[in-house]
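The next block holds one structure in the form of structure tokens; read it before the comments.
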Protein chains: 2
Amino acid sequence: MTTTTPSRRERLRAETVTEIKDAARRLLVAGGPAAISLRAIARDLGMTAPALYRYFASLDALVLAIVTDLFEDLRATVADAATDHGDEEPLVRVGHMARAFRRWSLDRPAEFALMFGSPVPGITPFAEQCGPFNDAGARFGETFFTVLGEHYARHPFGGAAPDLPDPALRELFAPYLDTFGDRFPLPVIYLFVAAWTRLYGIVAMEVFGHLRWAMTDVEPLFEVELARMVSRMAR
Amino acid sequence: MTTTTPSRRERLRAETVTEIKDAARRLLVAGGPAAISLRAIARDLGMTAPALYRYFASLDALVLAIVTDLFEDLRATVADAATDHGDEEPLVRVGHMARAFRRWSLDRPAEFALMFGSPVPGITPFAEQCGPFNDAGARFGETFFTVLGEHYARHPFGGAAPDLPDPALRELFAPYLDTFGDRFPLPVIYLFVAAWTRLYGIVAMEVFGHLRWAMTDVEPLFEVELARMVSRMAR
DNA sequence: CACTATGGTGAACGCTGTTTACTCTCACAA
DNA sequence: TTGTGAGAGTAAACAGCGTTCACCATAGTG
């Protein structure tokens with residue numbers, strides 16, 4: 001660590017920054033992404049709204065910072081779920097990570113909406129949304145890839161390509177390959193992304209209440225589908 | 001039809017209502033759900049904002065009306081996809097319906113966000129969101145159930161329950177059963193909901209741009225997964 | 001000690017949803 | 001034909017929002 005001792009000024013500034021973020025998160029939890037307002041934050045901290053511009057260039061910049069923090073929080077939670085079961089099979093640990101993702105999301109619907117919801121221009125930082133375009137998202141993905149890497153190191157992937165020839169897959173997953181390199185066989189990348197969309201579908205619909213018309217409890221469906229996703233990756 | 005001839009007043013009123021909705025949809029397409037504003041609509045129509053309250057009780061009420069219209073539009077599009085292939089196997093037609101759903105959604109990202117995105121209090125009509133709680137959503141679901149009914153009438157469902165006993169499924173899917181009755185074997189309901197979450201996951205992530213970090217084109221993945229979903233329902 | 005970067009304020013601009021009081025006009029009944 | 005009342009629309013206002021600007025105090029540094 002080469003962090004020079006923070007000056008008194010820098011310390012106070014850092015404190016104020018976290019106070020601002022905390023107030024913003026309280027508003028987020030209380031009223032959803034749209035409830036985050038600079039004036040309300042300023043009221044909370046006993047300041048005026050323009051003062052906040054000394055710390056964040058705009059409301060969007062503040063929201064983006066919060067999203068980054070949230071991704072780090074989620075990543076740590078998921079990573080903990082993996083290490084908590086460090087003695088189990090890697091694919092079993094992937095299952096635990098998926099459960100941790102669901103649990104975290106259900107406990108934080110507003111935060112989930114901000115991170116994974118519809119990127120509404122004006123409230124959600126548009127371009128660098130979710131996907132590992134931003135570093136926080138990339139580290140989140142990395143958490144899964146690490147454990148998956150352990151599995152395929154022990155049990156080389158046995159085949160079962162998804163009807164798509166490797167050259168096509170390579171072109172298809174060019175963005176992934178540019179960011180993460182070709183650590184895995186191409187079908188494995190396919191299976192991971194497919195599982196991720198499936199996981200997202202279940203969790204997002206559950207968090208957003210889009211399944212209440214059909215079922216009282218999504219967990220059994222989640223568990224059954226999770227088992228199928230994992231066994232599909234095991235082949 | 002017992003629609004009495006609409007008076008001149010009623011006709012003008014209906015015209016204004018559609019003009020308001022059209023202006024709102026233009027704003028929606030141009031700037032996303034948050035861009036729908038009564039004052040902007042009023043400017044568009046050469047009126048003042050309070051005048052709109054003669055037609056809609058609030059902004060939320062207007063948005064809800066638009067969501068209802070959109071569900072009807074989507075339902076019609078999906079139903080057309082089924083009838084366009086009326087001579088094919090029912091399950092093949094379900095595939096066409098899924099494709100129509102994806103196509104419609106990709107062509108209308110803002111509308112999709114309004115209907116299926118995170119229900120942000122303040123902009124999205126909260127409770128009666130998506131799920132067939134509202135009638136429009138119910139009719140949308142009905143479209144799928146009709147075609148599925150054709151299939152299972154010809155090919156009775158052969159088994160492959162999802163590891164969940166029927167009594168548990170019956171309790172789990174109580175909301176569905178209350179609305180749609182028990183037309184199908186319980187495992188079929190499970191498979192349908194599971195497929196719906198999977199379809200939603202892929203389409204929502206594609207529409208929201210949450211897959212751009214991984215792949216350039218989602219269609220191949222969509223087709224492969226769709227084929228698997230359908231074949232799972234065929235057993 | 002002087003000076004400057006930093007943090008904060010108050011006023012203002014333009015935007016938003018919504019409410020209130022008021023006016024005008026058109027349809028309809030006496 | 002002449003009221004009359006319902007319907008449609010307006011202007012003004014309130015409260016809130018993000019953001020910018022001019023200004024001021026203070027704390028840290030040369």
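Just so you know, these numbers come straight off a predicted model, no measurement behind them. Chain letters run A, B, ... following the sequence lines, proteins first, then strands; residues in each count from 1.
Side-chain proximity of Ser37(B) to the nucleotides dT19(D), dG9(D), dG17(C) is greatest for dG17(C). Closest to the Pro50(B) side chain, of the nucleotides dT20(C), dT16(C), dA11(C), is dT20(C). Counting only heavy atoms from C-beta on, Arg39(A) has its side chain closest to dC17(D) among dT18(C), dC17(D), dG8(C).
Met115(A) has its side chain within reach of Leu74(A): a pair of non-hydrogen atoms, C-beta onward, lies under 4.5 Å apart. Two residues are said to be in side-chain contact when any heavy atoms from C-beta on lie closer than 4.5 Å; Asp44(B) and Leu27(B) fail this criterion.
Summarising the geometry, the separation between CD on Glu10(B) and P on dA27(C) is reported as 12 Å, rounded to the nearest angstrom. Spacing between atom CG of Leu38(B) and atom P of dG17(C) amounts to 5 Å, rounded to whole angstrom units. At whole-Å resolution of the value, CE in Met47(B) and C1' in dA8(D) are 9 Å apart. The nearest whole Å value for the distance from the CG atom in Leu59(A) to the P atom in dC15(C) is 18 Å. Rounded to an integer number of Å, the gap from Phe56(B) CZ to dG17(C) P is 14 Å. When the P atom of dG7(C) is taken as reference, atom CG of Leu45(A) falls 15 Å away, rounded to whole Å. The distance from atom CD1 of Ile41(A) to atom C1' of dC17(D) is 12 Å, rounded to the nearest whole Å. If you measure from atom CG of Leu27(A) to atom C1' of dC17(D), you get 13 Å, rounded to the nearest angstrom.
In this structure, the side chain of Arg108(A) engages the main chain of Trp104(A) through a donor-acceptor pair within 3.5 Å.
Between Arg102(A) and Glu223(A) there is no salt bridge, since none of the side-chain N atoms of the basic residue sits less than 4.0 Å from a carboxylate O of the acidic one.
Tyr55(B) comes within 4.0 angstrom of the backbone, heavy atoms only, and of no base.
Under the 6.0 Å cut-off for aromatic ring centres, Phe208(B) and Phe116(A) do not qualify, their centroids lying 6.0 Å or more apart. Remark: aromatic rings of Tyr176(B) and Phe145(B) are close, center separation under 6.0 Å.
Side-chain N/O atoms of Arg13(B) include none lying less than 4.0 angstrom from OP1 or OP2 on dG7(D). Listed pair Tyr53(A) / dT19(D) meets the phosphate criterion, a side-chain N or O lying under 4.0 Å from OP1 or OP2.
Taking 3.5 Å as the limit, the base of dG9(D) and the side chain of Arg54(B) contain a donor-acceptor pair of atoms between them.
Annotation: the span from Phe140(A) atom CZ to Asp73(A) atom CG amounts to 11.0 Å, rounded to 0.5 Å.
Listed by residue number, the members of residues 15-23 of chain A with any heavy atom below 4.0 angstrom from DNA chain C form an empty set.
Heavy-atom nearest nucleotides on DNA chain D were determined for Gly46(B) and for Arg43(A), and the one closer to the 5' end corresponds to Gly46(B).
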